[in-house]
S.K.: 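Quick one: structure below, then a few questions.
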Amino acid sequence: MMKTSAMIVIAMAALTSGAQAQTPGDISDLVGARAAGAETAMQSRGYRFVKTQTGDDRKYGYWWNPQTRQCVTVATMDGRYASITSSPAPDCDQRAGGHDDRGAHRMEDRGGYQQPYPAREAPSYSGAAGAMGGPLRVGDYDVDLGLVCFGDGQRPGMATTYGWSWNSRRNRYDYGNRTEMTAQQFDASVMIQLWHGGGRISLPKKLVPPLNSRGHDGWWDLYDVDVQPDMIHAKYRLNGLNKPSVTIDRRSGQISIHGLDPYAFRGSCDLIDGKDHRRF
């Protein structure tokens with residue numbers, strides 16, 4: 001009887017531990033993402049960075065969502081989010097069931113500089129509408145959809161390699177260096193605004209080649225815009241040869257951009273939607 005009771009207690013403890021270790025659904029897609037881009041996504045979804053602890057082979061970051069009163073622990077390994085698990089409020093320096101103890105303008109020391117973390121409300125077109133008495137406008141257009149997308153970019157680059165190569169004039173192998181075209185990988189984020197029949201995209205500097213059409217204050221016009229219930233397709237012109245295509249899956253929030261090889265970007269988009277923090 002005692003053995004049976006002990007087994008029941010152990011099983012209940014395991015179930016409780018498993019429930020506490022679940023990944024919140026609003027950020028479950030960030031597991032496996034690169035840390036630099038995932039931090040931007042965490043902030044856009046209402047989470048505030050609290051602190052970091054260093055383990056043997058990974059770092060543990062604690063994030064707090066004041067709206068949902070959710071604390072999560074993010075394990076980072078090899079530059080990517082290895083896991084995200086729910087944690088008790090005290091792990092994020094909060095009282096269980098209490099109010100946000102950190103205040104509206106706590107200064108958090110990250111990487112040797114002070115960064116303010118105000119009480120967060122996502123940038124919102126509805127908020128802008130309330131301030132101006134109408135929807136957000138770009139020129140003569142009302143913005144219907146705004147997205148912030150983070151992910152991995154790829155662009156052409158040059159690299160110097162060393163090794164042996166055949167010298168036909170000397171009829172022998174010579175050791176030396178040579179310059180080759182390569183594909184450079186980097187973390188990046190893009191912003192997209194869509195309206196009826198058109199839109200525009202804001203690109204990071206790493207996705208803008210030296211020869212480009214300059215755009216307008218960092219934004220490039222989108223053309224051939226096709227907005228469907230499940231998919232969005234569009235194109236933009238970087239220069240006469242490179243006219244990347246944009247594809248967005250409205251169910252998963254995934255975006256892919258493809259131009260002249262190896263120009264590319266793949267990532268995940270968040271809707272700029274005020275307090276809801278939901279997919280579009």
Side-chain angles (χ1 to χ4, degrees), residues 27 29-30 32-47 79-81 122-125 128 136-139 141 143-157 183-195 197-228 230-239 241-274 277-280:
I27 52 176
D29 61 306
L30 300 182
R34 292 196 179 189
E39 286 189 358
T40 302
M42 291 285 288
Q43 294 170 3
S44 72
R45 300 179 194 183
Y47 287 84
R80 292 185 179 272
Y81 277 13
S124 171
Y125 292 142
L136 178 69
R137 296 181 64 86
V138 175
Y141 303 101
V143 175
D144 298 323
L145 180 63
L147 304 173
V148 176
C149 310
F150 70 95
D152 303 333
Q154 183 173 285
R155 65 174 181 179
Q184 296 180 345
Q185 303 283 341
F186 56 89
D187 295 322
S189 62
V190 302
M191 290 181 285
I192 294 175
Q193 293 177 331
L194 297 173
W195 50 79
R200 62 178 186 168
I201 182 171
S202 176
L203 302 171
K205 291 182 178 179
K206 291 181 179 180
L207 277 176
V208 179
L211 296 178
N212 63 80
S213 59
R214 300 185 180 275
H216 307 283
D217 296 326
W219 292 83
W220 272 256
D221 291 334
L222 293 173
Y223 66 95
D224 289 348
V225 177
D226 181 22
V227 179
Q228 299 295 330
D230 295 333
M231 302 293 292
I232 298 174
H233 300 278
K235 295 180 180 179
Y236 61 94
R237 182 182 183 276
L238 284 173
N239 52 49
L241 296 176
N242 200 353
K243 302 174 183 178
S245 61
V246 181
T247 302
I248 304 173
D249 188 323
R250 302 187 72 172
R251 292 184 179 274
S252 66
Q254 298 298 305
I255 180 175
S256 63
I257 299 176
H258 294 283
L260 287 179
D261 191 56
Y263 183 95
F265 175 85
R266 300 182 67 88
S268 179
C269 295
D270 283 332
L271 175 67
I272 304 179
D273 67 337
H277 307 300
R278 57 181 174 80
R279 291 293 185 186
F280 50 96

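Note that the structure is predicted; figures quoted are calculated from it, not measured. These values consider heavy atoms only, across backbone and side chains, with no hydrogens, waters or symmetry-generated copies.
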S.K.: So Phe265 and Leu203, do their side chains get closer than 4.5 Å, heavy atoms only?
M.R.: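 When only atoms from C-beta onward are counted, Phe265 and Leu203 do not touch, as no gap falls below 4.5 Å.
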S.K.: Taking atom CG of Asp217 as the centre, does the number of heavy atoms from other residues, nucleotides or ligands within less than 6.0 Å exceed 12?
M.R.: no
S.K.: Would Leu147 and Ile255 count as a side chain to side chain contact (heavy atoms under 4.5 Å, CB included) if you check the C-alpha gap in whole Å, the side-chain angles of each, and the deciding distance to 0.1 Å?
M.R.: CA-CA 10 Å; Leu147 304 173; Ile255 180 175; over 6 Å; no
S.K.: Determine the minimum heavy-atom distance between Phe150 and Ala41, stating which atoms define it.
M.R.: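 Closest approach of Phe150 to Ala41, heavy atoms only: CE2-CB, 3.1 Å.
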S.K.: What I'd like to find out is whether the side chain of Tyr263 reaches to under 4.5 Å of the side chain of Ile257, using heavy atoms alone.
M.R.: yes
S.K.: What pair of heavy atoms forms the shortest contact from Ser213 to Trp220, and how long is it?
M.R.: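 Smallest interatomic distance, heavy atoms only, reads OG-NE1, 3.2 Å.
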S.K.: Would a 4.5 Å heavy-atom cut-off, applied to side chains only, mark Leu194 and Asp144 as touching?
M.R.: no
S.K.: Could I get the full list of side chain to side chain contact (heavy atoms under 4.5 Å, CB included) partners for Val148, not counting sequence neighbours?
M.R.: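 Testing Val148 for side chain to side chain contact (heavy atoms under 4.5 Å, CB included), a comparison that skips the adjacent residues, returns Met191, Ile272.
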S.K.: If we only count heavy atoms from C-beta on, is the Met42 to Tyr81 side-chain gap below 4.5 Å?
M.R.: yes
S.K.: Any side-chain heavy atom of Val190 within less than 4.5 Å of one from Val246?
M.R.: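 They are not in contact (no side-chain heavy atoms under 4.5 Å apart), so the answer is no.
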S.K.: Can you give me the closest heavy-atom contact between Arg237 and Tyr223, atom names plus distance?
M.R.: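 That would be N-CE2, 4.1 Å.
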S.K.: Give a yes or no answer on whether the side chain of Arg80 reaches the backbone of Gly32 with a donor-acceptor pair at less than 3.5 Å.
M.R.: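 Yes.
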S.K.: Compare every heavy atom of Arg45 with every heavy atom of Ile27, then report the nearest pair and how far apart it is.
M.R.: CA-NH1, 3.7 Å
S.K.: Do Ile232 and Leu145 make a side-chain contact, defined as non-hydrogen atoms from C-beta onward lying under 4.5 Å apart?
M.R.: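 Yes; the side chains approach each other to less than 4.5 Å.
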S.K.: In this structure, is the centre-to-centre distance between the rings of Tyr141 and Trp195 below 6.0 Å?
M.R.: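 For Trp195 and Tyr141, the ring centres are under 6.0 Å apart.
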S.K.: Could you give the distance from OG (Ser189) to NZ (Lys206), rounded to the nearest 0.5 Å?
M.R.: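 Interatomic distance, Ser189 OG to Lys206 NZ, rounded to 0.5 Å: 11.0 Å.
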S.K.: If you measure from CD1 on Ile248 to CZ on Arg251, what distance do you get to the nearest 0.5 Å?
M.R.: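 Going from CD1 on Ile248 over to CZ on Arg251, the span is 15.5 Å.
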S.K.: Considering residues at least two apart in sequence or located in another chain, which fulfil the side chain to side chain contact (heavy atoms under 4.5 Å, CB included) criterion with Asp224?
M.R.: Lys235
S.K.: Starting at OG of Ser252, measure out to CG of Asp230 and round the result to the nearest 0.5 Å.
M.R.: 10.0 Å
S.K.: List the steps and the verdict of side chain to side chain contact (heavy atoms under 4.5 Å, CB included) for Arg266 and His258.
M.R.: CA-CA 9 Å; Arg266 300 182 67 88; His258 294 283; 3.9 Å; yes
S.K.: Within a strict 4.5 Å, meaning less than it, do heavy atoms of the Leu260 and Leu238 side chains meet?
M.R.: no
S.K.: Suppose we screen for side chain to side chain contact (heavy atoms under 4.5 Å, CB included). Which residues come up paired with Asp226, at least two apart in sequence or across chains?
M.R.: Gln228, His233
S.K.: In the structure I gave you, are the side-chain heavy atoms of His216 and Asp221 within less than 4.5 Å of one another anywhere?
M.R.: yes
